[in-house]
K.L.:
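Please read through the structure below; I'll follow up with questions.
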2 protein chains.
Amino acid sequence: MSAPALTKNQALVFDVLEKADGPLSAYTILDKLRDHGFRAPLQVYRALEKLLEYGVVHRLESINSFVACAHPGENCHKHGIVAFAICESCGQVMEFHDHEVDNRLTDWTKARKFKAEKTTIEMRGLCEACAA
Amino acid sequence: MSAPALTKNQALVFDVLEKADGPLSAYTILDKLRDHGFRAPLQVYRALEKLLEYGVVHRLESINSFVACAHPGENCHKHGIVAFAICESCGQVMEFHDHEVDNRLTDWTKARKFKAEKTTIEMRGLCEACAA
DNA sequence: TCGCACACGTTATAGCATAACGCAATTGAT
DNA sequence: ATCAATTGCGTTATGCTATAACGTGTGCGA
Ligand SMILES: [Zn+2]
Ligand SMILES: [Zn+2]
Ligand SMILES: [Zn+2]
Ligand SMILES: [Zn+2]
């Protein structure tokens, strides 16, 4: 699941996400890539699907947006569950891991024999700068 | 924020969710209430908005659906962050609280002065029965 | 009685995501 | 070399999710 060489479209989408200062929706990405020949949502969604699979992009379920992984190179997935703090004012996203949270959730799933495939942890609120 | 008497529409929507054996999308709710005079999505969304506010219904961000609170009467919000395990096969949802998870996330936010307004924890996977 | 808050109904629109078709390039076994 | 399978890509169409904007009626306190 580590990232092979990206195709042209995958590279374009990843580049847009990496340069952005916050999460972007698929349609926003599409708009940013019209000059590069993108015409339809599927071109974006198909690239995102692969980038998510490779673990270099994360999807923020609570805001239907996508963001480049904040920990390039280290294959984020291996660090366990990823959590996000999303500022609803400035859009900034902070990505972090907490092994104790992982452990507690894993304990819960083990006790109930629930097989978790994908876990979402997202906090929406105000960052320090915006709360002031 | 405890629940006042529900209006007619709110009661109808809540009733549908309570009787359902899993989460429902707003449009599914709409379809189930057409016989009761519902004609437009807003009728559902407006009722849901209040039910969420009262804490008797939860929104599952990762599947764009809504579910009745599994802990009627005790005002779920007071127990801290709510977490869900969602079976992608049978649709069953398990709702739970974990104070240690709460504490860890709260510690993180305090350390970074992030003011969390709404936290989502959702695990998607297979329940014991479906994994077998 | 006036003004306000709130629920409600309706129409229209915006925003998010995928189905289904066909084509081209790549790969990898025979 | 050839064929089949896989993968990426482009396009059109469609479906699902959510809200904007406008207007109506009702209840209730100033
Ligand atoms: Zn990451
Ligand atoms: Zn901020
Ligand atoms: Zn609850
Ligand atoms: Zn199941």
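The sequence lines fix the lettering, A, B, ..., with proteins before strands; numbering per chain opens at 1.
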K.L.:
How many angstroms lie between CD1 in B:Ile86 and SG in B:Cys127, if you round to the nearest 0.5 Å?
P.N.:
12.5 Å
K.L.:
Please round to 10 degrees the angle between the axis of the first five pairs and the axis of the last five pairs in the helix from C:dT1-D:dA30 to C:dT30-D:dA1.
P.N.:
30°
K.L.:
Check whether any side-chain N or O of A:Lys8 sits under 4.0 Å from OP1 or OP2 of D:dC9, and answer yes or no.
P.N.:
no
K.L.:
Check the phosphate of D:dC9 against A:Gln43, side-chain N and O only, distance under 4.0 Å to OP1 or OP2. Yes or no?
P.N.:
no
K.L.:
Under 3.5 Å, is there a donor-acceptor pair between the side chain of B:Glu128 and the main chain of A:Lys113?
P.N.:
no
K.L.:
Please list every donor-acceptor pair under 3.5 Å in which a side-chain atom of residues 29-36 of chain B meets a protein atom from a residue at least two apart or in another chain.
P.N.:
from, atom 1, to, atom 2, distance (Å)
B:Asp31, OD1, B:Arg34, NE, 3.2

K.L.:
When the aromatic ring centroids of A:Phe66 and A:His58 are compared, is their separation below 6.0 Å?
P.N.:
no
K.L.:
Residues two or more places apart in sequence or in another chain: which of them pass ring-ring contact (aromatic ring centres under 6.0 Å, His included) with B:Phe114?
P.N.:
none
K.L.:
When the distance from NZ of A:Lys50 to P of D:dT7 is rounded to whole Å, what number comes out?
P.N.:
7 Å
K.L.:
Using the test salt bridge (Lys or Arg N to Asp or Glu O under 4.0 Å), find all partners of B:Asp102 that sit at least two apart in sequence or belong to another chain.
P.N.:
none
K.L.:
Got a sec, which residues hit side chain to side chain contact (heavy atoms under 4.5 Å, CB included) with B:Asn64, two or more places apart in sequence or on another chain?
P.N.:
B:Arg59
K.L.:
With a cut-off of 3.5 Å and sequence neighbours excluded, list every side-chain donor-acceptor pair involving residues 115-122 of chain A.
P.N.:
from, atom 1, to, atom 2, distance (Å)
A:Thr120, OG1, B:Arg124, NH2, 2.5
A:Glu122, OE1, A:Glu61, N, 3.4
A:Glu122, OE1, A:Ser62, N, 2.8
A:Glu122, OE1, A:Ser62, OG, 2.5
A:Glu122, OE2, A:Glu61, N, 2.7

K.L.:
Can you pull out the residues from residues 11-23 of chain A that lie within a 4.0 Å heavy-atom distance of DNA chain C?
P.N.:
none
K.L.:
Sequence neighbours excluded, which residues qualify as side-chain hydrogen bond (donor to acceptor under 3.5 Å, both in side chains) partners of A:Thr106?
P.N.:
none
K.L.:
Kindly write out the residues that satisfy ring-ring contact (aromatic ring centres under 6.0 Å, His included) with A:Phe96, not counting sequence neighbours, or none if the list is empty.
P.N.:
B:Trp108
K.L.:
Okay, side chain of A:Ser65, backbone of A:Ile63: is any donor-acceptor separation there less than 3.5 Å?
P.N.:
yes
K.L.:
Could you list the residues that satisfy ring-ring contact (aromatic ring centres under 6.0 Å, His included) with A:Tyr45, not counting sequence neighbours?
P.N.:
none
K.L.:
Go through DNA chain C in 5' to 3' direction and return only the first and the last nucleotide with some atom under 4.0 Å of chain B's heavy atoms.
P.N.:
C:dA7 to C:dT11
K.L.:
Find which nucleotide of DNA chain D each of A:Thr7 and B:Asn64 is nearest to by heavy atoms, and output the residue with the more 5' nucleotide.
P.N.:
A:Thr7
K.L.:
Starting from C1' on D:dC16, measure out to CG on B:Asp31 and report it in whole angstrom.
P.N.:
11 Å
K.L.:
Report the distance from atom CG of B:Asn9 to atom P of D:dG25, rounded to the nearest whole Å.
P.N.:
17 Å
K.L.:
Would you say CZ of A:Arg112 has more than 12 non-hydrogen atoms from neighbouring residues, nucleotides or ligands within 6.0 angstrom?
P.N.:
yes
K.L.:
Report the distance from atom CZ of A:Arg34 to atom P of D:dG10, rounded to the nearest whole Å.
P.N.:
13 Å
K.L.:
Can you check whether B:Phe38's main-chain N or O pairs, donor with acceptor, with B:Gln43's side chain at less than 3.5 Å?
P.N.:
no
K.L.:
Between D:dA13 atom C1' and A:Arg39 atom CZ, what is the distance in whole Å?
P.N.:
16 Å
K.L.:
Whole angstrom is fine here: how far is it from CD in A:Glu53 over to C1' in D:dG8?
P.N.:
13 Å
K.L.:
Any N/O pairs under 3.5 Å between the protein and nucleotides 19-24 of chain D? List them or say none.
P.N.:
none

